[in-house]
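Reviewing the structure listed below.
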Amino acid sequence: CVIIIDEAHERTLHTDILFGLIKDIARFRSDLKVLVASATLDTERFSCFFDDAPVFRIPGRRFPVDIFYTKAPEADYLEACVVSVLQIHVTQPPGDILVFLTGQEEIEACCELLQERCRRLGSKIAELLVLPIYANLPSDMQAKIFNPTPPGARKVVVATNIAETSLTIDGIIYVIDPGFCKQKSYNARTGMESLIVTPCSRASANQRAGRAGRVAAGKCFRLYTAWAYKHEMEETTVPEIQRTNLGNVVLLLKSLGINDLIHFDFMDPPPHETLVLALEQLYALGALNHLGELTKLGRRMAELPVDPMLSKMILASEQYKCSEEVLTIAAMLSVNNSIFYRPKDKVVHADNARMNFVVPGGDHLVLLNVYNQWVESGYSTQWCYENFIQFRSMRRARDVRDQLEGLMDRIEVEVVSCQGDSVPVRKAVTAGYFYHTARLSKGGYKTVKHQQTVYVHPNSSLFEEQPRWLIYHELVFTTKEFMRQVIEIESGWLLEVAPHYYKSKELEDSSSKKMPRKQGKTKEELG
DNA sequence: CTCTCCCT
């Protein structure tokens with residue numbers, strides 16, 4: 001029996017978990033062969049982790065790529081990209097250009113600048129086709145990047161790092177790499193994710209450069225100095241397991257019978273505090289007992305391939321007789337903020353379309369409304385198009401929902417509807433997410449857990465309403481500490497769903513300083 | 001006053 005772990009260099013959460021599990025299993029299975037395939041040269045780490053496993057080098061079939069650096073750092077890399085593209089366009093032989101930027105906003109700005117300057121240059125230059133690509137771009141627009149470039153013209157694709165690994169565009173000869181990407185990181189002290197523009201790693205820069213050499217010899221223009229490449233960039237990207245919430249990983253490992261997570265053989269262990277917070281939250285949710293063992297509830301939660309809070313919400317829907325609705329909400333929440341399409345040139349239309357879905361109570365109920373209307377339309381693509389809804393995301397939500405619904409039998413939850421009453425739905429959400437409560441005080445919203453100042457995301461249906469008590473689905477720092485996907489609750493529900501976690505005194509309006517009762521168990525007892 | 005990526 002052979003197990004192959006491919007693309008190991010990507011160091012995704014799941015590859016890293018697999019590493020630990022397989023190493024463990026291999027000890028008891030002399031017949032088991034493990035093959036780890038990595039596209040980077042840091043084979044030492046993998047070999048060392050798997051007890052000095054032999055390394056085989058297989059040369060790639062790639063064309064050479066000349067790398068060029070800037071003499072001095074660029075103050076404005078967006079502008080530098082635009083200038084570089086135009087320079088390549090007027091001075092270099094035929095071949096398409098790929099530009100790496102960090103996100104939608106930058107990409108849109110870059111495309112606009114390029115189009116504007118081409119318009120001004122008019123017939124003085126050959127035609128330049130400017131095409132954006134990022135994950136949230138509707139599929140029909142994504143497809144355009146694959147159209148062959150007409151003779152005499154040149155194509156420039158402006159991409160996120162979706163073009164670094166996930167898709168390959170034929171005909172790219174030139175790559176422009178400003179050396180930045182958006183990276184997720186996770187603060188276990190506050191439970192907050194951040195999405196911050198950071199310098200990418202050398203491994204990532206090399207991967208980008210490689211995109212220029214797939215069909216012929218190419219050129220890569222790095223908009224940073226050779227010195228910065230050598231001395232300022234990290235060798236490799238920090239593995240995802242060290243940058244993310246580990247709630248469902250911990251639940252999964254516990255359900256596999258791995259109790260001592262603190263000493264689990266991770267190739268790169270996650271921060272201790274991240275494990276501790278995950279254990280603490282699972283304890284608060286009732287998934288673990290005071291010994292850190294999986295409870296019956298925890299075992300049922302582990303059956304669902306979603307985050308523990310979402311899982312708890314689904315299980316709580318049984319009690320409130322609203323599993324039909326909660327399944328839909330869970331599915332809609334699982335497709336990340338990509339339901340509503342909001343192109344820059346049609347923001348007014350898109351925002352109006354979104355307003356039509358708004359119902360009282362909050363974003364979860366708006367998402368439910370969108371899904372139900374889509375079902376009524378017969379899962380129509382046209383309906384999505386007319387309502388500025390992303391069909392791809394809806395189809396994904398439907399897949400997730402089907403999968404979750406298929407698991408309801410196994411966790412013994414009957415699928416029933418509360419027939420339009422929002423209170424049971426919001427109570428079920430509260431039962432899963434009581435850890436994520438925020439309260440309005442005179443200075444704005446503060447989290448109940450850490451008294452941290454947070455803001456309702458401008459996309460939210462409650463952006464202007466400002467209800468006193470909110471539950472948020474996630475807390476993300478982008479330009480500010482934003483609560484994304486919020487729902488209005490009554491403070492009394494917190495006592496109803498989590499009496500072990502909240503005391504009534506803490507929820508009185510007069511006492512704004514009170515913290516939730518301290519958890520009784522320490523990390524050692526739970527670990 | 002806003003949106004890296006991926007899909008168990």
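The sequence lines fix the lettering, A, B, ..., with proteins before strands; numbering per chain opens at 1.
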Interatomic distance where CG belongs to A/L310 and P belongs to B/dT8 [whole Å]: 15 Å

To the nearest Å, how far apart are A/N248 CG and B/dC7 C1'? 12 Å

Mind calculating the distance between CG (A/L333) and P (B/dC7) to the nearest angstrom? 20 Å

Checking all strands, does A/T12 fall into the base, sugar-phosphate, or nothing category for heavy-atom contacts under 4.0 angstrom? nothing

Residues A/D268 and A/R45 bridged, charged N to O under 4.0 Å: yes

Do A/S338 and A/S393 meet the criterion of a side-chain donor-acceptor pair at a distance under 3.5 Å? yes

Name the closest nucleotide to the A/H14 side chain, picking from B/dT2, B/dC1, B/dT8. B/dT8

Heavy atoms within less than 4.0 Å of DNA chain B: which residues of residues 479-487 of chain A have one? Give them sorted by number. A/T479, A/F482

How is A/Y134 classified with respect to the nucleic acid when contacts are heavy atoms under 4.0 Å: base, sugar-phosphate, or nothing? sugar-phosphate

Picking from B/dC3, B/dC7, B/dC6, which would you name as closest to the side chain of A/A135? B/dC6

Write down the distance between CD1 (A/I133) and C1' (B/dC5), rounded to a whole number of angstrom. 13 Å

A/D409 atom CG, neighbour heavy-atom count above 12 within 6.0 Å: no

First of A/R396 and A/R354 reached from the 5' end of DNA chain B, by closest nucleotide: A/R354

Quick one: which of B/dC5, B/dC1, B/dT8 gets closest to the side chain of A/N161? B/dC5

Face-on cation placement of A/R222 at A/Y229 ring, 6.0 Å and 45° thresholds: yes

Would you verify whether the NZ or CZ of A/K23 falls within 45 degrees of the ring axis of A/F49 while also being under 6.0 Å from that six-membered ring's centre? yes

Taken in chain and number order and not counting sequence neighbours, the residues that satisfy ring pair (Phe, Tyr, Trp, His ring centres under 6.0 Å) with A/F46 are A/F19

Under 6.0 Å between the ring centres of A/F180 and A/Y77? yes

To the nearest angstrom, how far is A/E105 atom CD from B/dC5 atom P? 13 Å

Give one of base, sugar-phosphate or nothing for A/N459, where a contact means two heavy atoms less than 4.0 Å apart. base

Can any side-chain N or O of A/D24 pair as donor or acceptor with the backbone N or O of A/G20 at less than 3.5 Å? no

Distance check needed: B/dC6 P versus A/L13 CG, whole Å only. 16 Å

Hey, which sits more toward the 5' end of DNA chain B by its nearest nucleotide, A/Q104 or A/S338? A/Q104

Would you indicate what A/I162 reaches in the nucleic acid, counting non-hydrogen atoms under 4.0 angstrom: base, sugar-phosphate, or nothing? sugar-phosphate

Check this one for me: any side-chain N or O of A/T478 less than 4.0 Å away from OP1 or OP2 of B/dT2? no

Please report the distance, rounded to the nearest Å, between CE in A/M394 and C1' in B/dC7. 17 Å

For the pair made of CD in A/E10 and P in B/dC7, what is the distance, rounded to whole Å? 10 Å

